[in-house]
Each structure stands twice: as C-alpha cells, then as structure tokens.
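Okay, structure first, notes after.
Read the numbers this way: they start at 1 and go in the same order the structure lists the ligands and their atoms.
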Amino acid sequence: MTRLPTVEAFREAFGAAFGSPPDLIARAPGRVNLIGEHTDYNDGFVMPMAIDREVRVAVRRRTDRLVRLVSVNYHAHSEFSLDDVAHDPAQPWSNYERGVVRILLDSGAIVGGFDMAIVGDVPQGAGLSSSAAVEVATLTALNSLFGLGLAPFEVAKMGQRAEREFVGVSCGIMDQAISAVGRAGHAMLLDCRSLETTLVPLGSDVAVVVTDTAVTRGLVGSAYNDRRAECEDASAHFATVYPSVRALRDVSEVQFQAHANELAQVVAKRARHVVTENARVINAGEAFRRGDLPEVGRLMYASHDSLRDDFEVTVPELDFLVDLSRSRAGVFGARMTGAGFGGCIVALVKPEAVASYVEQIAAEYRTETGLIPRVFVCHATDGAGVIG
Ligand code: ADP
Ligand code: MG
C-alpha cells in the first residue's frame with residue numbers, strides 16, 4: 001500500500017481533482033484484534049486496538065445532489081446521484097461510500113451532494129480492516145460536513161450496516177466500533193452483546209507486531225458458516241439445561257464441563273473454544289491492567305492452541321509463525337488474529353526485541369514456505385476524527 005500523503009499534500013490532491021480545496025478532512029484507523037476470536041457472533045468479548053494505519057477522506061459540499069468520488073490509491077473516480085444510489089461494478093472500492101450514503105438516506109439523515117477524495121495506508125485484505133476504516137472515515141466526514149450529530153457508536157453501527165446491507169459482507173460490530181472509539185495507548189475490551197467498552201492500557205513496554213502469512217484464504221465462507229451453526233447447536237442444547245442461556249456467552253466453564261458429553265464431539269470442541277476464549281479475554285484485560293504482560297502472552301498462546309485444536313480454523317502457516325514466536329526471547333505471546341484459514345498473527349513483543357524478531361521470523365518463514373510475509377509494527381492510536 002502506498003504511503004499516506006501529509007494532510008497538506010492530500011488537500012492539494014483534492015484541489016487538483018475538484019478545482020478548489022476541501023471543507024474538511026477526516027480520518028479513521030484500521031485495527032488488530034489482540035484476543036477474542038470467533039466470540040463476536042456468540043455475543044461474547046473481543047479486545048481490538050486501533051492501529052497507526054488509516055484511511056483519510058477530504059470532502060466539500062455541493063449545491064446539487066451529485067456525489068463525486070476520487071480514489072487516490074486507485075487513480076480512479078466514480079459518481080452518482082443521491083436519487084439513485086446503486087452499486088458501481090466497475091469501481092468496487094466506491095461501493096463502501098455508496099453504502100454509507102444509502103444507509104444515511106434510509107435512516108432519514110439529511111445529506112446533500114458532495115465531492116470526496118479517499119486515500120489510505122491500511123493494508124487491504126490483510127485482516128486489518130481497511131473496509132471498516134473507509135466506512136468510518138466517510139461517516140465521520142459526512143457527520144461533520146452536514147452536522148448530523150451522530151455519536152461514535154451510531155457511526156460504527158451505520159458503517160456495519162453499510163458493509164452488511166449494501167456491500168454484502170456479513171460482519172460483526174468490532175471493526176467499526178474500534179475504528180470509531182479507539183484510544184491511543186489502549187486496547188478496548190468490547191462486550192459484543194451490550195456494546196459496553198472498557199479501555200485496556202497497554203503500557204509503554206510493549207510493541208504489537210502483525211505478520212501476514214500471505215496465504216490466500218480458502219474455504220473461509222463455508223467453514224465460517226459451519227462454525228456458526230455448530231455454535232448455535234451448542235447454545236441451543238445449553239438453553240434446554242439452563243433456560244437463561246441465549247448464546248454461548250452465557251455458558252460458564254463449569255456449566256460447559258458438566259454437560260459437554262451431551263454434545264456431538266465436534267460441537268463440544270467448538271463450544272469449548274468459545275467458552276474458554278471469553279474467559280481468556282476477561283483475564284487478559286485484568287492482566288493488562290496489572291501490567292502482567294507474561295500472563296497476557298500466555299493467554300494469547302492458549303487462544304491460538306484453542307483455535308487450532310478445538311475451533312480448527314488455523315492453517316500450517318499460521319501455526320508455524322506462532323511456533324516461531326514461542327521460542328523467541330522478548331516475545332510475550334502470539335496468536336492468529338482474524339477469522340483464520342490464512343491472514344495474520346499478532347504478537348506482543350518487548351520494544352527492544354522487535355527488530356530481531358521481525359528479521360528472524362521473516363527469514364525463517366520464507367525458508368520454510370517460500371512466501372514473503374508482510375510485517376507491520378503497530379501502535380495503538382485514537383479512533384476516528386476530523387483532522388483538518
Ligand atoms: P479488509 O477489511 O480486511 O482490509 P476487505 O476486503 O473487507 O478487506 O476490504 C478491502 C476493500 O476496502 C478494498 O478492496 C477496497 O474496496 C476498500 N478499501 C480499503 N482501503 C481503501 C482505500 N485506501 N481507498 C479505497 N478503497 C479502499
Ligand atoms: Mg473488511
């Protein structure tokens with residue numbers, strides 16, 4: 001992904017594309033999930049942080065009902081009327097902005113025409129959620145431009161709706177929520193049922209390193225649907241034993257142990273992952289607050305093992321990268337992050353060990369697989385806002 005231009009250079013690019021400067025510029029970050037995988041659709045807990053890779057949009061009001069979009073990364077443009085918000089198959093990147101506009105109009109928000117330029121350095125399709133960054137940046141800009149008065153969580157929910165209902169990707173609320181409300185130096189413990197958030201201080205003595213396996217995701221759609229169905233089966237069984245259970249989130253580890261043998265073996269394994277993973281997220285939050293990074297690391301490795309053995313969503317490349325991390329000095333912990341079947345691992349590393357960790361795992365991974373991994377050293381940043 002190209003480097004992000006300065007705010008000034010971006011303002012000039014907008015001027016070059018549209019003839020005069022923008023009214024304002026907004027930004028929204030990508031994210032990485034530190035722990036809590038496949039818990040979101042079980043009403044459970046996740047712990048993402050906003051990263052220092054972002055999407056920026058520059059906007060200017062128009063007096064008519066036209067919307068003109070320019071992508072700086074793609075050197076492409078697309079336009080539509082507010083009276084006919086349809087997909088643009090020739091410019092699929094524009095469907096995220098179109099989706100946002102459609103959701104705003106459907107919800108009664110009064111927006112007029114506008115010109116918008118988009119640029120970003122969130123790696124696309126690497127599991128760092130560039131799509132949520134586009135949606136949240138667009139909504140943040142339009143919120144300000146048209147004085148819509150949307151609170152950050154309303155922005156997040158509208159971004160999620162744009163992706164689900166217009167783009168057609170079934171996503172949870174985590175990505176848009178952290179992009180909207182992230183805080184520098186912190187991860188966020190998010191309750192996916194209540195949307196309650198708790199800030200988790202990361203401390204200054206740790207770096208977050210994301211390594212992309214560069215493995216193309218296979219089978220992810222059908223395997224994802226299978227996992228969801230298995231979780232629903234398990235939850236339905238526990239609801240017959242404990243009537244207050246509405247999702248696996250409501251099943252404690254003790255309750256799980258007491259009734260696991262009543263489930264089909266595969267279903268029991270899936271449920272065990274979700275039940276233990278929810279507990280790990282809560283424990284990781286407490287460990288971060290105590291400054292106990294070795295414990296957070298231990299929980300991350302346990303999360304990976306559970307995703308490999310019980311949820312069965314890892315691939316050998318993910319396991320290999322995590323195993324390389326296990327034996328490395330200065331590494332607290334590592335795990336796969338994202339849906340699995342490819343994608344990235346995330347590691348917590350002592351700042352002074354980052355350079356050698358990055359160099360060594362990249363070299364060993366390349367020797368083992370012939371693939372060149374992309375490595376991103378990330379810092380926790382603030383959520384979306386207007387920056388110019
Ligand atoms: P991820 O969210 O994991 O990065 P997705 O496939 O969900 O991957 O979203 C990637 C899509 O988001 C891109 O194909 C593109 O359409 C859009 N997108 C991301 N970043 C940008 C950008 N800087 N400019 C325009 N569109 C972008
Ligand atoms: Mg996405």
Side-chain angles (χ1 to χ4, degrees), residues 1-5 7 9-10 13-14 17 25-33 37 40-41 46 48 50-59 67-79 87-101 115-141 156 159-180 210-218 220-221 224 336-346 374 376 378 384:
M1 186 103 268
T2 38
R3 271 173 62 99
L4 206 58
V7 171
F10 186 37
F14 182 100
I25 296 176
R27 63 171 280 279
R31 65 96 185 95
V32 62
N33 189 24
E37 220 62 72
D40 56 347
Y41 52 84
V46 293
I51 60 172
D52 47 345
R53 303 271 179 150
E54 65 188 41
V55 169
R56 291 180 182 166
V57 303
V59 285
V67 175
R68 296 193 296 173
L69 305 169
V70 162
S71 161
V72 174
N73 296 109
Y74 292 126
H75 304 287
H77 59 89
S78 179
E79 64 177 56
H87 290 84
D88 181 352
Q91 304 296 340
W93 58 270
S94 75
N95 291 330
Y96 295 87
E97 286 77 15
R98 288 163 180 263
V100 162
V101 170
D115 292 333
M116 173 181 279
I118 305 128
V119 69
D121 69 349
V122 187
Q124 295 179 19
L128 299 177
S129 220
S130 65
S131 59
V134 172
E135 293 144 13
V136 173
T138 301
L139 276 155
T140 302
Q160 181 198 21
R161 282 186 61 196
E163 184 142 351
R164 291 175 76 112
E165 295 171 27
F166 193 87
V167 180
V169 176
S170 155
C171 58
I173 188 68
M174 167 170 72
D175 304 347
Q176 291 82 4
I178 186 67
S179 184
V210 176
T211 306
D212 183 358
T213 56
V215 173
T216 323
R217 285 200 171 90
V220 66
Y224 180 81
M336 60 153 267
T337 184
F341 301 103
C344 301
I345 72 156
V346 58
R374 290 188 292 174
F376 311 103
C378 300

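The contact set between ligand 1 and Asn73, taken as ligand atoms under 4.0 Å from a residue heavy atom, comprises 22 (C), 23 (N), 24 (N). Every atom of ligand 1 is numbered from 1 in the order shown, and the set under 4.0 Å from a heavy atom of Gly127 is 3 (O). Less than 4.0 angstrom separates some heavy atom of Val134 from each of these atoms of ligand 1: 18 (N), 19 (C), 20 (N), 21 (C), 27 (C). Ligand-side atoms of ligand 1 in range of Tyr74: 13 (C), 14 (O), 15 (C), 25 (C), 26 (N), range being under 4.0 angstrom from any heavy atom. Short contacts between ligand 1 and Gly120, defined as distances under 4.0 Å to a heavy atom of the residue, involve ligand atoms 23 (N). Of all atoms in ligand 1, numbered sequentially from 1 with element shown, those under 4.0 Å from a heavy atom of Ile118 are 24 (N).
Thr140 and Arg27 share no side-chain donor-acceptor pair at under 3.5 Å. Side-chain N/O atoms of Asn33 and Thr337 include no donor and acceptor closer than 3.5 Å.
Between Gly125 and ligand 1, a contact under 3.5 Å exists for at least one N or O pair. Among the atoms of Ser71, none of the N or O lies under 3.5 angstrom from an N or O of ligand 1.
Of all non-hydrogen atoms in Ala132 and Glu163, the two that sit nearest each other are N-OE1, 4.2 Å.
Between His87 and Phe166, the two ring planes are parallel [angle under 30°; tilted spans 30° to 60°].
Residue Ser131 counts as close to the Mg ion (ligand 2), with an N, O or S atom under 2.8 Å.
Within the 4.0 Å heavy-atom shell around ligand 1 one finds Pro123. Under a 4.0 angstrom heavy-atom cut-off, Val122 registers as lying outside contact with ligand 1.
Judged by distance alone, the side chain of Asn95 and the main-chain N or O of Asp88 form a donor-acceptor pair under 3.5 Å. Here the side chain of Ser179 pairs a donor or acceptor atom with the backbone of Pro29 at under 3.5 angstrom.
Salt-bridge annotation for Arg56 and Glu54: present, with a side-chain N of the basic residue lying under 4.0 Å from a carboxylate O of the acidic one.
Of the listed residues (Val70, Val67, Leu69, Val101), just one forms a side-chain contact (heavy atoms from CB on, under 4.5 Å) with Met116, and that residue is Leu69.
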